[in-house]
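All remarks here apply to the structure that follows.
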Amino acid sequence: MPDDLMRIEVAGENALIVYMGDTLSPCVADRVRFLDQQLRKRLADQLVDTVPSYASVLVIYRPDRIRMEALQEHIEEFGRATSEPMAKEDGLLVTLPVWYGPEAGPDLMAFAETNGLSPDEVVQRHHAREYRVYAIGFAPGFAYLGEVDEAIARPRLATPRQHVPTGSVGIADRQTAVYPAESPGGWNLIGRCPVRIFDPQAAAPMPMGVGDRIQFEPISRSEYLKLGGMP
Amino acid sequence: MSGFRVLKPGVLSLFQDAGRLGHHALGLTTGGPMDGEAFYWANRLTGNAEGVTALEVAQGGLRLESTGATSVAVAGAVMPLKINGQTKALWRSHRVTAGDVLELGHATAGLRAYVAASGGFNAPVHFGSTAVVQREGLGALLHVGQEIVCGTPADLDWALPMEQIPRYEAPVTLRVVEGYQAAEFSAEALRMFYGSAFQVSPRSDRMGYRLEGNPVLAPAGERLSEGIAYGAVQVPPDGQPIVLLNDRPTIGGYPKLGTVLSLDCWKLAQCMPGATVYFEVIALETAQTLVEEAMRARDATALKRGA
């Protein structure tokens with residue numbers, strides 16, 4: 001699909017899904033973020049909700065307030081604007097501190113055998129680049145970030161863990177994520193982040209949204225604890 | 001002040017309102033009543049506005065003691081309702097006073113009943129909704145001894161006209177609006193999908209109904225995860241379709257061939273494991289008209305005096 005094209009499909013009696021591309025890329029993520037923001041800003045009263053994801057936005061609307069044909073016209077208009085320069089503005093940059101190391105990240109040692117990298121090399125490559133929030137889902141506040149350096153890509157564990165501690169930082173293939181709460185999970189754990197990624201009580205429950213940028217910053221164990229990380 | 005004390009929480013009794021809307025971007029699902037029709041009538045019969053918090057009782061086994069005078073109604077699955085040991089009708093309001101014991105036995109047809117009380121149940125609000133979603137840790141199951149406070153009580157005597165009461169009988173035909181990746185499914189796969197009988201799997205829950213039958217060949221290839229609409233029919237590689245319902249994940253990567261009409265999702269949610277279901281294609285415009293007409297018709301329905 002060319003960069004500036006989009007495709008709209010029916011997703012139900014009161015839902016449309018808008019595809020802004022079919023690959024994972026920062027450019028597609030920008031356009032997804034822009035379209036989603038336009039929809040939320042300009043059609044707030046007509047929509048039930050939207051789900052921005054890697055390359056698409058699901059739009060659920062209120063049939064008593066707008067017809068599907070009219071919504072489609074709005075989407076086409078916003079979609080055309082995604083190729084304009086204003087749509088390419090960078091998302092928010094959020095810095096997340098991470099305590100890396102075998103104690104915080106029990107899978108760090110395993111990269112030596114599969115990827116031929118020492119724990120230090122894995123850590124260095126993990127925080128060397130900036131990531132995009134490509135999607136949020138699986139659990140409340142679980143943000144899929146990409147893409148990691150190919151050298152540290154590693155498939156999910158054959159047997160997922162029953163309990164992954166809150167704040168664990170993991171890698172699955174070319175994606176990375178911070179577990180917002182304790183849950184089962186199969187990602188390769190390499191560290192822990194003391195920042196609360198999902199706080200249901202807060203006015204803004206998450207520090208980032210789809211399309212925003214994330215930079216990890218290595219910290220020591222004592223800094224991790226000082227920042228409120230759970231021991 | 002009216003309210004209830006929980007004597008027995010039942011198999012799975014959850015507070016539900018219209019659902020948690022507008023928070024998909026955080027990964028939060030909607031929750032809400034699995035059978036929107038029965039939920040609507042339970043509230044109407046107790047004089048409540050649409051979407052007021054009621055109790056969704058799956059399978060039955062609930063026992064409540066009233067702590068004040070008000071009106072209650074139970075609508076949905078056929079569950080024996082007793083107040084102080086006396087059998088009472090579903091789909092109509094009943095007056096209760098402090099000390100009265102309301103008891104729901106086990107469902108004999110359908111799966112979920114809605115208990116509404118005038119003024120609604122005061123349940124904890126998370127992200128603007130009382131809908132309990134266990135998977136997300138939002139809200140909690142009922143426990144023995146729990147005191148539930150209700151809103152403004154009322155003294156009502158309403159019943160839904162007999163001919164309006166839905167019947168929960170299998171087989172159920174689910175009408176599907178095609179969409180998403182429908183065009184990627186082969187003609188043979190679609191023939192299998194629309195031409196076969198499927199059985200409701202025991203592994204069905206509020207997240208989705210899993211169906212077992214002749215495998216429907218799903219298009220190959222990996223897909224980027226995308227938003228999942230209420231009623232979306234996803235077909236994983238094993239070819240056994242899953243209809244995603246109220247507690248569905250917000251995103252997923254399996255191919256989807258369309259979305260079940262909301263009115264039929266409600267019927268599906270009343271199906272017990274083993275029930276037979278069929279799929280039938282429906283044009284988008286027809287689906288939209290049917291839903292509009294159904295909403296208009298129910299709003300126009302006049303309740304009758306209970307007598």
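Chain identifiers are assigned alphabetically (A, B, ...) following the order of the sequence lines, protein sequences preceding nucleic acid strands; residue numbering begins at 1 within each chain.
Of the listed residues (Thr259(B), Val176(B), Ile228(B)), the one with the most heavy-atom contacts under 4.5 Å to chain A is Thr259(B). Between chain A and the residues Leu224(B), Val291(B), Val260(B), the most heavy-atom pairs under 4.5 angstrom are made by Leu224(B). Chosen from Ala55(A), Ala11(A), Ala15(A), the residue pairing most often with chain B at heavy-atom distances under 4.5 Å is Ala11(A). Interface remark: of the candidates Glu178(B), Arg223(B), Glu226(B), Glu226(B) forms the most heavy-atom pairs closer than 4.5 Å to chain A. Top candidate by heavy-atom pairs under 4.5 Å with chain A, chosen from Leu261(B), Val133(B), Val177(B), Leu290(B), is Leu261(B). The greatest number of non-hydrogen atom pairs below 4.5 Å with chain A, out of Gly252(B), Ala232(B), Gly227(B), Gly179(B), is found for Gly227(B). Ranked by heavy-atom pairs under 4.5 Å with chain A, the list Leu138(B), Leu284(B), Ile282(B) is led by Leu284(B).
More than 12 heavy-atom neighbours from other residues, nucleotides or ligands sit within 6.0 angstrom of CZ on Phe127(B).
When heavy atoms are compared at a cutoff of 4.5 Å, Ser56(A) approaches chain B solely by way of its side chain, counted from C-beta outward. Contact annotation for Val48(A): both backbone and side-chain heavy atoms come within less than 4.5 Å of a heavy atom of chain B. Only the side chain of Leu58(A) comes within less than 4.5 Å of a heavy atom of chain B; its backbone N, CA, C and O stay farther away. Only the side chain of Tyr144(A) comes within contact range of chain B, judged by heavy atoms closer than 4.5 Å. If you measure heavy-atom distances from Tyr180(B) to chain A, the contacts under 4.5 Å come from both the backbone and the side chain. Residue Pro200(A) touches chain B through both its backbone and its side chain, counting heavy-atom pairs closer than 4.5 Å. For Ala229(B), the parts sitting under 4.5 Å from any heavy atom of chain A are the backbone and the side chain alike. Using a 4.5 Å cut-off between heavy atoms, Thr23(A) touches chain B through its backbone atoms (N, CA, C, O) alone.
With rounding to the nearest 0.5 Å, the separation of OG in Ser225(B) from CG in Leu24(A) is 10.5 Å. The OH atom of Tyr230(B) lies 15.5 Å from the CG atom of Asp49(A); values are rounded to the nearest 0.5 Å. Between the OH atom of Tyr54(A) and the CD1 atom of Ile251(B) there is a distance of 6.0 Å, given to the nearest 0.5 Å.
In plain terms, the two heavy atoms of Gln181(B) and Tyr19(A) that are nearest each other are NE2-OH, 3.3 Å. Minimum interatomic distance between Gln288(B) and Tyr61(A) (heavy atoms only, all atoms of both residues): NE2-OH, 3.2 Å.
The residues Glu285(B) and Arg67(A) are annotated as not salt-bridged, no charged nitrogen and carboxylate oxygen being separated by less than 4.0 angstrom.
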Report task. Evaluate the criterion side chain to side chain contact (heavy atoms under 4.5 Å, CB included) for residue pair Met295(B) and Asp64(A); output intermediate values, then yes/no. Result -> CA-CA 11 Å; Met295(B) 299 298 129; Asp64(A) 57 331; over 6 Å; no
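Contact annotation for residues 18-43 of chain B against chain A (heavy-atom separation below 4.5 Å, listed by residue number): Leu21(B), Gly22(B), His23(B), His24(B), Ala25(B), Leu26(B), Gly27(B), Leu28(B).
If you check the side chains of Ser262(B) and Glu13(A), you find a donor sitting under 3.5 Å from an acceptor.
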